[in-house]
Amino acid sequence: MTTIDPHAPVAPPALDIPAILADLTLKEKAALLDGSDFWHTEPIERLGVPAIMVTDGPHGVRKQPEHGDHLGLGDSVPATCFPPAAGLASSWDVDLLHRVGEALGDECRAQQVAVLLGPGVNMKRSPLCGRNFEYFSEDPFLAGRLAASVVRGVQSRGVGTSLKHFAANNQETDRMTVSAEVDERTLREIYLPAFEHVVATAQPWTVMCSYNKINGVYASEDHWLLTEVLRDEWGYDGLVVSDWGAVNERDLAVAAGLDLEMPSSSGAGARTIVAAVANGTLDEADVDRAAGRVLGLVNRSLPALVPAPDFDVDAHHALAGEAAAASAVLLKNDGGVLPLDAGRGGRIAVIGELARTPRYQGAGSSQVCPMRLDDALSALTRAVAGARPVSFAAGYVVESDAADPALVAEAVEATRDADVVLLFLGLPASYESEGYDRDHMDLPDPQVALLEAVAAVNSNVVVVLSNGSAVAMPWEHHARAVLEGWLLGQAGGSAVADLLLGTVNPSGKLAETLPLRQVDNPTVGAFPGEHEQVRYGEGLLIGYRWYDSRGMAVAYPFGHGLSYTTFTYSDVEVEVLDDVDTTVAVSVTVTNAGDRAGQETVQVYVADPDSEVFRPEQELKGFAKVSLEPGASTRVTIELDARAFSWWHTSLHRWVVESGTFEIRVGSSSRDIRSTVTIELPGDDLTPALAPDSTASAWLDHPTAGPRLLAQLQAASGGVADMLFDPQNGAMIRAIPLVRLSRFPGFPVREEDIADLAAEANAHR
Ligand code: BGC
């Protein structure tokens with residue numbers, strides 16, 4: 001299939017892309033825009049263009065043997081399974097994610113994989129999305145920063161990434177046909193910024209377009225999305241690949257800017273392209289451009305065709321463990337029940353099948369075949385061996401919705417006189433997967449019943465959760481501590497043991513809100529839509545933006561996460577360094593006030609209390625994670641740029657900073673703000689353009705036309721002119737377009753002058 005000798009010690013010579021393009025026939029160019037199988041591009045043997053291999057992703061290398069499927073059904077070669085994005089995101093640790101990216105890159109190189117298909121930066125619009133485990137956050141700022149770090153890490157090893165799924169792929173139901181109906185401002189402020197940030201700062205080699213439609217247009221055929229926004233605005237110069245099977249009409253997709261169709265369309269795509277060029281409906285220049293980008297991708301992938309040395313399996317397992325420990329979030333810890341004292345002596349009852357049989361990743365195309373698999377039960381038993389007895393009872397069958405009385409009875413017995421109960425609960429694999437959504441947020445009933453039974457005989461219950469997406473916790477009062485373990489990859493079991501025993505101090509923070517109930521979520525009634533349409537009616541108000549703007553109680557807020565130590569914040573200072581280009585420095589001193597080393601993530605939220613448009617209560621615009629020894633302090637400075645204060649103006653179609661007051665809120669979570677500082681920014685000139693049919697109010701507010709109109713009105717007192725300022729009816733009159741007012745008897749402005757007045761007012765724009 002390829003002219004490249006896989007055992008060649010050096011990379012093939014660079015491709016002369018212009019020369020190859022000039023040599024290729026239309027048929028060959030069209031063939032190049034199609035995969036050759038599930039995972040390879042098409043080679044052009046006569047011109048020495050090899051095939052390259054792409055593979056899932058994102059949290060491990062899922063290289064399948066020849067002819068594998070892409071749905072996670074078949075096997076893949078063993079690879080380190082890092083925590084999926086839902087876990088990694090809770091680390092809020094860009095350096096860690098860079099190192100995970102490097103390790104993923106090394107594993108790709110060892111497998112001669114040129115592009116790893118990830119990361120995915122879609123927003124967690126609803127906790128029910130079946131694929132939330134593969135996504136980072138409900139917040140675009142956080143998702144963008146973290147994903148960019150992964151991309152930089154992977155690509156630093158000479159391996160490409162595929163930023164996916166571009167865009168608005170926020171559900172699995174009808175994912176291949178549904179139209180996400182999203183307004184312009186919401187797209188720009190919520191659903192696109194994570195992509196934008198990664199593209200602008202990390203230039204992923206490829207971007208993968210999503211299956212769904214956006215406002216009625218397939219992403220794969222969306223010229224606005226794939227060309228105007230991605231390339232013309234954001235400056236993207238890599239390749240756009242379809243999600244597997246996302247191409248609908250191949251010729252429309254080429255014209256829109258979709259370069260490579262995957263997997264192979266068995267020649268159908270190439271035939272369509274050739275026919276469309278022949279009948280003049282597709283410009284051959286579009287085909288050339290796409291073929292050039294495929295050749296560009298192959299060219300930068302040449303080093304990856306050379307066998308690279310094997311990676312260090314132990315080191316990667318250790319890194320997976322470090323990442324797992326950083327990903328878990330300690331939600332509550334009443335009375336300091338954690339960490340467990342390894343030497344205290346009393347028996348530890350470990351309850352729950354998930355302690356023995358871990359759930360460590362989600363299902364579907366991202367399912368990695370792990371190199372190893374740690375389970376918490378063995379890790380805990382090993383760690384306290386000789387010091388504390390450990391007993392185990394399974395308590396439930398993971399994939400069963402019916403309680404097993406014998407298992408429950410055994411668990412209750414094991415619990416009765418234990419010193420502490422570690423109860424492992426979580427979502428069965430069948431509850432969350434690529435391809436479908438959940439219809440509730442609950443743990444299986446038998447698990448909740450088990451918790452109740454266990455808590456009835458022992459008040460020292462610690463719950464450890466395994467779940468790829470948020471669960472409701474109406475049961476949490478039965479537990480003194482809850483460790484949100486997400487899905488933690490192959491080393492998650494030992495990482496959980498380290499956290500419970502305090503060998504590692506928890507430092508994860510929630511990258512998504514845990515609501516009290518599923519029905520509190522703003523997408524109720526608008527997820528997953530009907531008749532293949534889903535209205536994003538909540539607009540900007542996803543996740544904490546909704547709960548905070550509504551002042552609603554939540555189970556655990558965005559950004560929350562406890563440590564075994566405590567951190568104090570002091571001396572918050574905010575300095576406007578540049579009010580033209582808008583650079584604001586936020587500084588705070590963080591002190592570890594406890595007696596253990598730990599890590600804290602400082603979060604900066606911006607609020608815009610008086611804005612011309614609706615803005616969410618507050619939005620995350622900066623964060624920094626710091627490590628501190630007991631008693632130590634550090635000064636953290638976080639810079640905010642114009643985007644931190646901007647909103648998307650839907651008539652100007654660009655980002656704007658409004659002049660006025662902004663609040664800078666510095667905190668340890670979105671609901672634990674330690675200090676708020678107010679600043680003034682001059683902002684952009686947002687004087688709106690005037691037209692004859694602009695309202696009298698808009699005319700009066702205008703900096704030059706307003707005073708002029710006012711003078712005319714005052715000079716002609718009486719009649720309609722006076723009514724404009726009437727305390728009772730003035731607002732109603734001022735809402736009338738000026739041109740229509742001008743026709744009212746006695747109005748002092750003549751209709752025939754208004755167009756000139758508008759032109760004069762708009763002249764400086
Ligand atoms: C998924 C992608 C994945 C691709 C290849 C699709 O079903 O949506 O995320 O990369 O398959 O496996």
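In listed order, ligands and their atoms are each counted from 1. The first residue in the sequence is number 1, and the count goes up from there.
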**OP:** Would you mind running through ligand 1 and noting each atom that sits below 4.0 Å from a heavy atom of M208?
**Re:** 10 (O)
**OP:** Answer with yes or no whether R175 contacts ligand 1, where contact means a heavy atom under 4.0 Å from a ligand atom.
**Re:** yes
Original post:
Are a donor atom and an acceptor atom from the side chains of E512 and S137 found within less than 3.5 Å of each other?
Top reply: no
Would you tabulate the side-chain donor-acceptor contacts of residues 295-311 under 3.5 Å, counting partners in other chains and residues two or more places apart, or write 'none'?
residue: N299; atom: OD1; partner: L15; partner atom: N; Å: 2.8
residue: S301; atom: OG; partner: L297; partner atom: O; Å: 2.7

Original post:
Ring centres of F558 and W546 under 6.0 Å apart?
Top reply: no
Original post:
Can a donor-acceptor pair be found between the side chains of H40 and D37 at a distance below 3.5 Å?
Top reply: yes
Original post:
Under 4.0 angstrom from ligand 1, any heavy atom of Y211?
Top reply: yes
Original post:
Could you go step by step and tell me if F195 and H165 meet the ring-ring contact (aromatic ring centres under 6.0 Å, His included) rule?
Top reply: CA-CA 9 Å; F195 290 99; H165 308 89; 8.7 Å; no
Original post:
Is E134 close to ligand 1, meaning an N/O of one under 3.5 Å from an N/O of the other?
Top reply: no
Original post:
Is the shortest N/O to N/O distance between R131 and ligand 1 below 3.5 Å?
Top reply: yes
Original post:
Does R250 have any side chain to side chain donor-acceptor pair (under 3.5 Å) partners at least two apart in sequence or in another chain, and if so, which?
Top reply: E261
Subject >> Sub-4.0 Å atoms of ligand 1 with respect to non-hydrogen atoms of K164 >> reply: 2 (C), 3 (C), 9 (O), 10 (O)
**OP:** Could you establish whether H165 and ligand 1 come within less than 4.0 Å of each other, counting only heavy atoms on the residue side?
**Re:** yes
Original post:
Counting each atom of ligand 1 from 1 as listed, which ones have a heavy atom of W39 under 4.0 Å away?
Top reply: 5 (C), 12 (O)
